[in-house]
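Written out below as structure tokens is the structure these notes cover.
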Amino acid sequence: MLAARYTRSIRLFSRSLSDMNATSAPGPVENSIRKKLTSLLHPTSLSITNDSWQHRHHTAMREQGSNGETHFTVHVVSNAFENKSSMQRHRIIYSALSEEFSQGLHALSLKTKTESESAAAAVV
């Protein structure tokens, strides 16, 4: 009986994790990030992942409810980053998204590369 309850609990937990991880349509914040970075950087590659569900217990998420868009991972490959340090690249992006930060965007995890850096990393 205990084993059956344990198995049922594991199944429910696994289902709730997959529900939280489910891919859904991009929200307005993600769309805004994509539009602004595409316009500014003309990237050859842009990947945006909404990680907000992983942070639903944070204050910023509770304030926006369960559908908040507060945490993202952004991977950008653009020659606009040529001859710029990592710090300069991040400042460009943070500056471009200042409006989103003022409206509840809480955190970005950024990976920024030039085309040549991306190609070199692919060879390794």
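A 4.5 Å side-chain heavy-atom check between L105 and Y94 finds every atom pair outside the cut-off.
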Could you go through F81 and I93, starting from their C-alpha distance and side-chain angles, then the distance that decides it, and tell me whether this counts as side-chain contact (heavy atoms from CB on, under 4.5 Å)? CA-CA 11 Å; F81 296 138; I93 292 171; 4.1 Å; yes

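A donor-acceptor contact closer than 3.5 angstrom links the side chains of N79 and E115. A donor-acceptor pair shorter than 3.5 Å cannot be found between the side chains of D51 and T49.
For R91, there are no salt bridge (Lys or Arg N to Asp or Glu O under 4.0 Å) partners two or more places apart in sequence or in a different chain. The side-chain contact (heavy atoms from CB on, under 4.5 Å) test applied to A107 returns H71, not counting sequence neighbours. In terms of the side-chain hydrogen bond (donor to acceptor under 3.5 Å, both in side chains) criterion, residue partners of S85 (sequence neighbours excluded) are, by chain and number, Q88. Judged as a side-chain contact (heavy atoms from CB on, under 4.5 Å), and not counting sequence neighbours, the contacts of L46 are R34, L37, T38, P43, I48, V74, V76. Applying the salt bridge (Lys or Arg N to Asp or Glu O under 4.0 Å) test to K36 and every residue at least two apart in sequence or in another chain returns E99, E100. A search for salt bridge (Lys or Arg N to Asp or Glu O under 4.0 Å) contacts involving E117 returns R89, not counting sequence neighbours. For S118, the side-chain contact (heavy atoms from CB on, under 4.5 Å) test picks out V77, K113, with sequence neighbours left out. Residues meeting the side-chain hydrogen bond (donor to acceptor under 3.5 Å, both in side chains) test with N31, sequence neighbours left out: none. Residues passing the side-chain contact (heavy atoms from CB on, under 4.5 Å) test with S109 are T73, sequence neighbours excluded.
With values rounded to the nearest 0.5 angstrom, K84 atom NZ is found 11.5 Å from T112 atom OG1. Rounding to the nearest 0.5 Å gives a distance of 7.0 Å between OG of S32 and CG of L97. In this structure, the separation between CD1 on I33 and CG on L108 is 6.0 Å, given to the nearest 0.5 Å. Remark: S95 OG to F101 CZ distance equals 11.0 Å, nearest 0.5 Å.
Across E69 and V29, no two heavy atoms sit closer than the pair OE1-N, 3.0 Å. In this structure, S78 and L41 approach most closely via the heavy-atom pair OG-O, 2.6 Å.
Looking at T114, its side chain never comes within 3.5 Å of a backbone N or O of E82 through a donor-acceptor pair.
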